[in-house]
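Whatever order the structure lists them in is the order used to number ligands and atoms, beginning at 1. Everything quoted here is computed from the prediction, not taken from an experiment.
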Amino acid sequence: MYTVEKVKALAKIRTPESFGTLLEIFRSDENIDVRREAVSSIGRHNDSTRIYDFLREEAFSRDNPMELIYQMFRTCLYRSKDDERFSRLRDEMITFWDNEIISKMNEYYNFRQQKEKQRPANKITSPLLLIGDNTETLKTLPSNSIQLIFTSPPYYNAREYSDYSSYAVYLSKMAGTFYACNRVLEDGRFIIVNVSPVITRRPGREFESIRYPIHYDLHRVLTQTGYYFVDEILWVKPEPSVPDRVSGYRQTRKPLSYKPNCITESLMVYRKECAFLLDRNMKAYDDYDRHDDEPIDTTNCWHIAPKYDKNHPAVFPEELCRKVLRYYSFEGDAVLDPFAGSGTFGRAARKMGRIPVLCEINEDYANIIESESGGYYDVRGRSSKKRSQQITIWE
Ligand SMILES: C[S@@+](CC[C@H](N)C(=O)[O-])C[C@H]1O[C@@H](n2cnc3c(N)ncnc32)[C@H](O)[C@@H]1O
């Protein structure tokens with residue numbers, strides 16, 4: 001009976017016999033951890049030709065569990081540095097398996113090989129209010145200059161300020177914004193998008209209304225514009241914000257008519273694609289001053305009461321912004337809301353020592369943000385009285 005430890009010990013004896021034993025273990029042992037360790041130990045042997053032959057034979061076999069294939073690919077990557085045969089094998093494996101984990105391993109390995117430094121962030125030093133369509137106004141920000149994005153996009157046909165000719169048009173508009181956001185967000189940092197399903201008004205009593213699960217569709221939009229999924233946090237409210245959906249069922253008790261009252265919204269937490277681990281982002285703040293004694297939210301359910309505002313139909317409660325800022329940014333970071341509305345995120349960011357950057361297309365809302373902030377923002381955009389003189393267009 002072999003154990004992982006025994007295989008590791010065997011790997012230190014680099015003789016042709018021990019190679020043979022490792023092959024035997026790989027082929028006959030039933031424990032996957034032991035088999036994986038055998039693959040790893042084979043990869044550390046000195047005999048490149050035997051290793052190559054082993055990989056050639058095993059790395060394309062669909063009988064092998066993917067966990068073992070990943071270990072074989074790892075060997076290929078490390079050996080490809082000094083041996084062309086392994087580089088070719090690596091490329092063949094990438095094509096053959098067409099698997100996202102293998103692609104990611106390859107990307108990560110290349111990144112480390114190049115010893116590329118993380119692109120230094122272009123520092124934003126003053127709060128900005130960008131008035132106009134965010135796909136245009138974001139062009140005035142340097143690449144990699146934002147450390148966190150938190151936003152609540154306009155609802156699809158749910159409120160008076162949004163009007164899109166179709167759901168496809170809405171999603172493509174969102175893709176335009178998230179793509180523009182991707183350029184300005186620092187590599188490896190977070191974008192958090194607050195959404196909930198919306199329902200469109202029925203054109204007549206004989207038609208059914210359509211309910212759109214926006215977050216499912218935005219997942220695809222986000223992954224196609226350069227982010228990957230990290231978490232879903234549920235914002236749980238004490239009460240539903242729309243009329244009693246369950247009333248029909250309550251009266252009739254007829255199955256199929258059941259529609260629960262919704263008291264949650266999603267916070268979709270995504271990270272900008274990059275070839276390094278999060279530790280690298282965190283290391284930039286090694287001298288971080290820990291002075292946060294608040295209790296920690298330990299689950300993905302955050303219980304927060306909604307907020308209503310006389311000026312805007314759909315505002316964030318400030319507490320929601322505070323939590324996002326606390327968990328996903330450091331003091332001094334530049335933080336962006338590309339759909340700023342009444343500017344709640346900017347207010348919370350300012351109070352927490354972050355530098356807010358807000359985009360808003362509606363001039364009335366933008367003017368409210370500008371006047372309520374008492375001249376705090378450097379304003380860029382068509383209607384601004386206080387314009388920045390020289391604006392560089394970055395993209
Ligand atoms: C759901 S609201 C945001 C509310 C905000 N979270 C708050 O606390 O007030 C979305 C906002 O995005 C704005 N908006 C819509 N399309 C935009 C675009 N292309 N560029 C900039 N802002 C846009 C709308 O005018 C609206 O005020």
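- Only the side chain of Y365 comes within contact range of ligand 1, with a heavy atom under 4.0 Å; no backbone atom does.
- When D364, T344, V195, D309 are ranked by how near their heavy atoms come to atom 8 (O) of ligand 1, first place goes to T344.
- In the candidate list F316, Y164, Y155, F316 is nearest to atom 6 (N) of ligand 1, counting heavy atoms.
- Judged by the 6.0 Å and 45° rule, R85 forms a cation-pi pair with Y52.
- Remark: R280 qualifies as a cation-pi partner of F276 under the 6.0 Å distance and 45° angle criteria applied to the six-membered ring.
- Contact annotation: for H312 versus ligand 1, heavy atoms closer than 4.0 Å belong to the side chain alone.
- Interface of A340 with ligand 1, defined as ligand atoms under 4.0 Å from a residue heavy atom, comprises 5 (C), 7 (C), 9 (O).
- No heavy atom of G176 sits closer than 4.0 Å to any atom of ligand 1.
- Residue contacts with ligand 1 include P153, since one of its heavy atoms falls under 4.0 Å from the ligand.
- Partners of E24 under the side-chain contact (heavy atoms from CB on, under 4.5 Å) rule, at least two apart in sequence or in another chain, are S28.
- Scanning A348, S152, G132, P154 for the heavy atom closest to atom 15 (C) of ligand 1 points to P154.
- Pairs of residues two or more places apart, or lying in two chains, never qualify as salt bridge (charged side-chain N to carboxylate O under 4.0 Å, His left out) while including a residue from residues 217-229.
- The two residues P243 and N261 come nearest to each other via the heavy atoms O-OD1, 4.1 Å.
- Because its NZ or CZ atom is not both nearer than 6.0 Å to the ring centre of F19 and within 45° of the ring axis, R14 does not count as a cation-pi partner of that residue.
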